[in-house]
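Any value given below was found using the heavy atoms of this structure, including those in side chains, with hydrogens, waters and symmetry copies removed. Quick note on labels: first sequence line is chain A, next is B, and so on, each numbered from 1. Owing to the predicted nature of the structure, the values given are computational and were not obtained by experimental measurement.
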There are 2 protein chains.
Amino acid sequence: MTKPKPDRPSGVTMRDVAARLGVSAMTVSRAIRGDSGIAEPTRLRVLAEVEALGYRRNDLARQFRTGSAHELVGLVVTNLANPFYSQLAVGVEEVATRHGVGVLVASTNGELDRERELVMDMAGRRIAGLIVVPASNDHGHLDPAGLEGAPVVLAATPPRGIDVDCVFVDDFNGTYEACRQLIGRGHERIGFLGLPASLWTGSERYRGYAAAMEDAGLAVDEQYVSRHRGDISLAEEATRRMLALPAPPTALITANNRNTVGALRILRHSPNPVALAGFDDIELADLLQLPLSVVAYDAADVGREAARLLFGRIEDTGVTKVGRQQVIIPTRVIDYPRPERG
Amino acid sequence: MTKPKPDRPSGVTMRDVAARLGVSAMTVSRAIRGDSGIAEPTRLRVLAEVEALGYRRNDLARQFRTGSAHELVGLVVTNLANPFYSQLAVGVEEVATRHGVGVLVASTNGELDRERELVMDMAGRRIAGLIVVPASNDHGHLDPAGLEGAPVVLAATPPRGIDVDCVFVDDFNGTYEACRQLIGRGHERIGFLGLPASLWTGSERYRGYAAAMEDAGLAVDEQYVSRHRGDISLAEEATRRMLALPAPPTALITANNRNTVGALRILRHSPNPVALAGFDDIELADLLQLPLSVVAYDAADVGREAARLLFGRIEDTGVTKVGRQQVIIPTRVIDYPRPERG
DNA sequence: CTGTTAGCGCCTTCAT
DNA sequence: ATGAAGGCGCTAACAG
């Protein structure tokens with residue numbers, strides 16, 4: 001007849017509060033929830049006792065009883081240390097906080113298996129919903145149908161093969177404009193340091209680059225194109241290789257902030273100047289002594305919009321059932337001209 | 001007699017799986033938990049059915065039954081968008097993942113009230129433990145005693161008035177060394193752009209600066225000291241003010257990355273060069289054309305160590321009860337010399 | 001307005 | 001090796 005022994009004593013419960021007041025647990029419950037059907041004096045007496053005893057409602061029990069963890073959403077990104085994702089996370093958090101909901105954050109390190117594990121785990125926790133920046137173009141495991149029905153919103157990438165809302169950046173046009181600007185400045189041999197074609201951002205940003213080249217009557221030369229994962233060291237290597245070509249590019253487009261940083265490190269020591277346009281803004285870009293322009297956008301907004309869509313689904317009581325939604329975050333090219341010497 | 005109606009259907013339960021197999025729910029439970037007392041063929045039959053039905057254990061129910069959310073720790077920082085905190089978060093996540101535990105992340109924006117709300121909320125969720133980067137020197141609400149006994153570890157700041165483990169950076173020595181280096185290079189009028197004295201980092205880093213000055217026989221002149229919150233704009237303003245002094249400083253120490261960025265923005269346009277040494281490393285510092293040194297340390301390590309301490313407490317079954325632990329993360333000064341022109 | 005009843009899904013305990 | 005009973009803390013539904 002010994003009670004199950006939780007590792008930590010479970011503490012004061014509603015019944016304890018109720019007992020000390022000679023009322024029922026329901027009365028305490030009502031007072032705490034702010035339920036209307038309770039006399040004001042009773043409510044105050046209960047709240048006072050709650051305070052006195054240091055009682056705190058067990059949300060675990062409540063959420064369990066209610067049927068789902070309405071107060072928790074999941075956020076799965078590739079790497080929280082990348083400023084893009086940490087800003088995105090801030091945006092998500094901002095909106096979630098407004099809804100009184102917590103954010104369970106996890107990084108996949110770009111590994112699909114890890115992503116699978118994480119979303120499964122979150123579904124097991126009965127989170128209210130899930131925002132995912134997919135690590136690949138394989139989205140089968142992100143279908144709400146397999147995740148206890150938890151709504152899913154993809155960020156930075158539109159869904160493939162599943163029917164969920166998404167928010168992504170205007171990758172194509174952003175890159176197109178950046179490239180067009182370089183062309184407008186007289187560049188003809190423009191290199192591209194990109195992400196794998198298997199990633200949405202990889203293919204879209206490449207498309208933008210290629211389209212701008214083509215529209216200007218310039219050929220895309222494969223030796224000026226490198227498509228690798230977004231590591232600084234890989235970007236450095238690719239930049240080095242391109243600079244060593246017989247006719248090196250006079251300008252580079254980098255497909256994300258990691259590539260931009262890698263390219264900058266190498267270009268810094270290049271004897272002849274190479275113009276650089278990179279996707280993603282970079283802090284302190286204004287202080288670098290290099291001709292640089294960036295495709296900027298509000299990363300926090302990606303998170304905010306994703307969260308907005310997600311809460312739309314979570315709170316959708318099944319009546320409206322709008323179709324798949326898609327939000328595209330605009331970009332703008334920012335020019336950080338090389339300052340005058342002195 | 002209608003069942004309570006959860007907003008989302010709660011889905012397949014253990015009983016459903018059991019029913020289809022003609023066994024009891026306990027058998028399913030045992031199979032899923034990998035409990036030993038179960039026949040191998042039974043186990044396999046159960047797991048197959050689980051797979052077939054797409055059943056996923058309801059962790060909410062399990063954690064509730066078990067008494068606490070063993071699989072969730074909280075992380076409260078001031079602002080996740082600051083690279084220091086996002087790296088710290090990555091470190092925490094890394095260790096938590098190894099323990100099969102999720103991380104609930106939230107930002108306080110430096111507001112004490114928000115911090116209070118957040119830790120209360122997390123305690124209500126019966127999280128297994130809590131890592132906090134305090135927004136102020138008021139730590140009363142971070143006492144585990146008031147948080148359902150959840151262990152707490154402070155990061156970046158040692159506790160005041162409560163008895164919990166902590167991890168912080170060697171703020172004093174880091175700043176001391178950076179300042180000594182500037183002095184060694186002949187600087188005598190060295191300014192300090194810092195954080196409020198009410199913050200641990202604010203006072204310690206100032207102490208390091210002041211001690212280095214004093215040890216070198218240099219006076220600390222109040223007009224060369226500004227102690228404000230760590231905003232870029234405030235740092236810019238303070239830098240501008242100091243440069244406008246009749247005898248402006250020839251070097252500056254900045255107490256965190258936000259101050260460093262602010263100072264850099266202004267120094268960039270200063271006619272006479274001002275040396276800068278800043279606490280916190282900065283990405284691309286190597287590419288700035290300014291004489292800069294930084295006090296660097298591994299921010300992810302702060303998170304890792306904090307998580308390590310936390311899990312030590314969580315898994316401490318009450319037998320060992322070691323005293324308060326304290327980990328100090330070492331710093332090193334990195335020099336980014338102004339490169340040669342060309 | 002307040003109390004009683006019952007049960008969410010799972011796991012501990014004890015019985016078989 | 002498996003099953004039956006019971007309850008974690010809370011709240012929906014109904015009763016008074």
Side-chain angles (χ1 to χ4, degrees), chain A residues 1-19 21-46 49-50 53 55-71 123-126 148, chain B residues 1-19 21-46 49-50 53 55-71 123-126 148:
Chain A
M1 269 301 69
T2 39
K3 286 198 240 176
K5 218 180 350 162
D7 301 9
R8 243 193 289 145
S10 80
V12 188
T13 75
M14 275 189 182
R15 260 193 267 286
D16 298 330
V17 181
L21 259 53
V23 300
S24 81
M26 265 319 290
T27 303
V28 178
S29 175
R30 281 193 257 259
I32 286 184
R33 289 203 316 273
D35 194 302
S36 56
I38 187 176
E40 187 62 12
T42 317
R43 204 177 65 82
L44 293 177
R45 271 202 320 142
V46 171
E49 191 62 27
V50 161
L53 256 58
Y55 166 77
R56 193 188 325 279
R57 177 174 60 188
N58 185 337
D59 283 324
L60 222 47
R62 192 171 67 86
Q63 288 173 23
F64 165 59
R65 178 60 176 82
T66 316
S68 95
H70 288 297
E71 302 179 348
R125 294 169 190 268
R126 300 300 192 271
E148 307 295 328
Chain B
M1 270 297 75
T2 39
K3 287 198 239 176
K5 223 188 336 168
D7 301 11
R8 243 194 290 144
S10 81
V12 188
T13 76
M14 276 190 182
R15 259 193 268 287
D16 298 328
V17 180
L21 259 53
V23 300
S24 81
M26 266 319 294
T27 303
V28 178
S29 175
R30 280 193 258 259
I32 285 184
R33 289 203 316 273
D35 194 302
S36 56
I38 185 174
E40 188 61 12
T42 318
R43 204 177 66 82
L44 294 177
R45 272 200 321 140
V46 171
E49 191 62 29
V50 162
L53 258 58
Y55 166 76
R56 195 191 322 281
R57 178 174 59 188
N58 185 336
D59 284 322
L60 221 47
R62 193 171 68 85
Q63 288 173 23
F64 164 58
R65 177 60 176 80
T66 315
S68 94
H70 289 294
E71 302 178 350
R125 293 170 191 269
R126 299 302 191 268
E148 307 296 327

- Closest heavy-atom pair, B:Gly11 versus B:Asp16, reported as atoms and distance to 0.1 Å, is O-OD2, 3.9 Å
- Query: For the base of C:dC11, is there a side-chain donor-acceptor partner from B:Arg65 under 3.5 Å away?
  - Reply: yes
- Hey, does the side chain of A:Thr66 reach the backbone of A:Arg62 with a donor-acceptor pair shorter than 3.5 angstrom? yes
- Item | Residues in contact with DNA chain D, drawn from residues 27-37 of chain B - heavy-atom cutoff 4.0 Å | B:Thr27, B:Arg30, B:Gly37
- Note on the structure: Closest heavy-atom pair, A:Arg30 versus A:Gly37, reported as atoms and distance to 0.1 Å, is CD-O, 3.8 Å
- Item | Non-hydrogen atoms of B:Leu60 and A:Leu60 that approach each other most closely | CD1-CD1, 4.5 Å
- Would you kindly compare B:Ser24 and B:Ala61 by the position of their nearest DNA chain D nucleotide and give the one closer to the 5′ end? B:Ser24
- Provide the closest heavy-atom pair for A:Val23 versus A:Arg45 in the form atom of the first, atom of the second, distance. CG1-NH2, 3.8 Å
- Message: In whole Å, I'd like the distance from the CE atom of A:Met14 to the P atom of C:dG3.
- Response: 14 Å
- When A:Ile38 and A:Arg15 are each assigned the nearest nucleotide of DNA chain C, the 5'-most assignment goes to A:Ile38
- Query: Does the side chain of B:Thr66 get closer than 4.0 angstrom to OP1 or OP2 of C:dC10 through an N or O atom?
  - Reply: no
- Note on the structure: Taken to the nearest whole Å, CZ/A:Phe64 to C1'/D:dG9 is 9 Å
- Message: Rounded to whole Å, how long is the line connecting atom CG of B:Leu21 with atom P of D:dA1?
- Response: 18 Å
- Message: So, does A:Tyr55 get its side chain near the phosphate of D:dC10, meaning an N or O under 4.0 Å from OP1 or OP2?
- Response: yes
- Message: I need the CZ-C1' distance between B:Arg126 and D:dC10, as an integer number of Å.
- Response: 11 Å
- Item | Closest to side chain of A:Val23, choosing from D:dT2, D:dC8, C:dG3 | C:dG3
- Message: I need the A:Ile32 CD1 to A:Tyr55 OH distance, nearest 0.5 Å.
- Response: 4.5 Å
- Under 4.0 Å between any heavy atoms, over every strand shown, what does B:Met26 touch: base, sugar-phosphate, or nothing? Just pick one. base
- Query: Between B:Arg33 and B:Ser29, is any side-chain donor less than 3.5 angstrom from a side-chain acceptor?
  - Reply: yes
- Separation of C:dC8 C1' from A:Asn58 CG (nearest whole Å): 14 Å
- Sub-3.5 Å donor-acceptor pair from the side chain of A:Thr42 to the main-chain atoms of A:Ile38, do we have one? no
- Item | Length of the CG-P vector between B:Asp59 and C:dC10, whole Å | 9 Å
- Item | Shortest side-chain distance from B:Ala39, nucleotide among D:dT2, C:dT2, D:dA4 | D:dT2
- Note on the structure: Rounded to 10°, the angle between the first-five-pair and last-five-pair axes of the helix from C:dC1-D:dG16 to C:dT16-D:dA1 is 40°
- Does A:Arg125 reach the main-chain N or O of B:Glu71 with its side chain, forming a donor-acceptor pair under 3.5 Å? yes
- Just call it for B:Arg57: base, sugar-phosphate, or nothing, with non-hydrogen atoms closer than 4.0 Å on any strand. sugar-phosphate
- What is the distance, rounded to the nearest whole Å, between atom CZ of A:Arg125 and atom P of C:dC10? 15 Å
- Figure out the CD/P separation between A:Gln63 and D:dA12, and round it to whole Å. 13 Å
- Taking only residues two or more places apart in sequence or in another chain, which ones pass side chain to side chain contact (heavy atoms under 4.5 Å, CB included) with A:Leu53? A:Val12, A:Val17, A:Arg20, A:Glu49
